[in-house]
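Below: the structure, in structure tokens.
We name chains A, B, ... by the order of the sequence lines, and we start the count at 1 in each one.
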Amino acid sequence: MNPVIFTAPLAIAVIGAVLAALISITDKIVNNYGDLTIDINSGKRKLEIKGGSPLLSTLAESGIFVPSACGGKGSCGACKVKVLSDIGPHLPTEPPYLTKEEMAENVRLSCQIKVKQDLEIEIPDALFNIRRFTGVVERIKDLTHDIKEVYIKLENPAEINFTAGQYGQLEIPPYEKIKGSTQRAYSMSSPPSDKDHVEFLIRLVPGGIVTTYVHQYMKEGEKIAMVGPFGDFAEQDTQSPMICVAGGSGMAPFKSILYDMDEKGPFERDVWYFFGARTKKDLFYLEEMQALEAKQERFHFIPALSEPLDEDEWKGEIGLITDVLDKYLKEIVPDADPKEGYLCGSPGMIDACVNVMTANDIGEGDIFYDKFA
Amino acid sequence: MTPLVNPITLFFASILTSNILLANFLGMCSFISISKDMKSANGLGLAVTVVLTITSAINWLILEYVLIPMDLLYLRFIIFIIVIAAIVQILEMIIDRVSSALYMALGIFLPLITVNCAILGVSLFLEIRNYSFLQSVIYGLGSGLGWWLAIMALAAIRKKVEKAPVPAGLKGPGITFIIIGFMAMAFIGFSGMLSVQ
């Protein structure tokens, strides 16, 4: 046999191995930044950490969870942190997610910058409240053909404090071809009073990593983790009438907000809740919402179907949710100034509803939403 | 047989009369794309020079002590490329640590040195011309400096040309190619004076 068959691969393997070893040794020496400190909010918290990793994961290891819907891939722009120390100019990956003002204040994407020196940073105080929770899936319920209600019992920590309307990042284990755990953001649909549980409404998105897992692999009794609570979507502390619009799993934060208001007694303000779906099989929580409507005088629930089927025998509103909203704002909802808009749904639905609301004299500053792409 | 060429002659020949860019036309992609401003041209020139010097030394050692004795000369392309890629990787880590400013300036172009043909070209010339170790290092260093000189010269000329009334159809790459042609003629014009082998 020709020895070349052995010598040629051997030569390449040995040279490759030597070079790989050289690279890892250099990496160990060069990327070793030693023990560093991170000073958060001028002395409020001081972290002793090892340098060399991205700021986002370094903070997470110390138990401070900066929101990150994409999991540190630099594609969502949620993990903004204001850096007071001089750490050089913005990287080419950062400016697309930052406004001019943020650039000037040295706001950075914490997943993109590496910790190479002692840092001083500023984050919202609310982030100190954010934790990683582990729990058990207690119940999975089909709400429609493509939306599941997932009810999770929290174990460690066993209780969560959040305001109705906030969201959590559900973390799922690796499965099939997905290596590594994946996090995605979902609004909590349970009321804050249910401290030892969180509930999510999860609609199956074709090709979605987490939604596919929840719909096809998740079992009752399985261990699951979530990080939260995040977000500032919440009932504002005013007496203005609330105009709420949702579609699909956008029901989640409103369920939480409405049940929370209900627990506090009779509504002190008018609440109009418009819920859009295509056909009757996309509607859910109809009885729950109608029961709430019967109980709370000032709550009005308006479900609307855009393409009702004949067998639906639908007697409610028909048409796109934007048209129904426009009609109600013009003809039925009593005049009051100011009114507040609350939206949850796809970016397209939100943009369209914002247009309808501003055209009907709801100020842009009085419209609140979480956009989930 | 190693060629009997004086090291000093070889050094200047590789910078000037046998300039890797303008006489051999190797490494054109980054030569054209990074020569728009002198600052990044300077950074890239420095990086190319360092990588060229180191890789020509290492590749000579591998060629002499592994490939030729084991009769594996046909593996030289793949092995030279692996070595170049690893050196660039290490260099990138060191630059990131030592100077963030230079790291930022080089940006995406630093990893792209891996596929700069001038670097593989120099390593292949070592073998074709039978250079000794010293000659290889001198030729690598000289070629790097020559590449640096050429890209700086082109960047400076392009800066001037920005303000010149270039016909619309020739703006950008068109006039750049013409400039490179003139530069090449100037360099090749003296090729008889000094020889690399």
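- For L22(A), the parts lying under 4.5 angstrom from a heavy atom of chain B are both the backbone and the side chain.
- Both the backbone and the side chain of I23(A) come within contact range of chain B, with heavy atoms under 4.5 Å apart.
- For I8(B), the CD1 atom is loosely surrounded, since the number of other residues' heavy atoms within 6.0 Å does not exceed 12.
- More than 12 heavy-atom neighbours from other residues, nucleotides or ligands sit within 6.0 angstrom of CE on M103(A).
- One finds the CD1 atom of I94(B) at 6.0 Å from the OG1 atom of T26(A) (value rounded to the nearest 0.5 Å).
- More than 12 heavy atoms of other residues, nucleotides or ligands lie within 6.0 Å of CG in D37(B), so this atom counts as buried by the packing criterion.
- When heavy atoms are compared at a cutoff of 4.5 Å, L72(B) approaches chain A solely by way of its side chain, counted from C-beta outward.
- Taken from CD1 in I25(A) to CD1 in I90(B), the straight-line distance is 9.0 Å, to the nearest 0.5 Å.
- The contact between I78(B) and chain A is made entirely by side chain atoms (from C-beta outward), counting heavy-atom distances below 4.5 Å.
- Once rounded to the nearest 0.5 Å, the distance linking CD1 of I29(A) with CE of M93(B) reads 9.5 Å.
- Annotation: the span from I15(A) atom CD1 to L75(B) atom CG amounts to 8.5 Å, rounded to 0.5 Å.
- Counting non-hydrogen atoms of neighbouring residues, nucleotides and ligands closer than 6.0 angstrom, the CZ atom of F12(B) reaches no more than 12 such neighbours.
- When heavy atoms are compared at a cutoff of 4.5 Å, I79(B) approaches chain A solely by way of its side chain, counted from C-beta outward.
- When the shell of 6.0 Å around CD of E364(A) is examined, it contains 12 or fewer heavy atoms from other residues, nucleotides or ligands.
- Neither the backbone nor the side chain of L67(B) comes within contact range of chain A, judged by heavy atoms closer than 4.5 Å.
- The environment of Y65(B) atom OH is sparse: at most 12 non-hydrogen atoms of other residues, nucleotides or ligands sit within 6.0 angstrom.
- Open room surrounds CZ on R131(A); 12 or fewer heavy atoms of other groups in view lie less than 6.0 Å from it.
- R97(B) places no side-chain N or O within 3.5 Å of a backbone atom of K116(A) that could act as its donor or acceptor partner.
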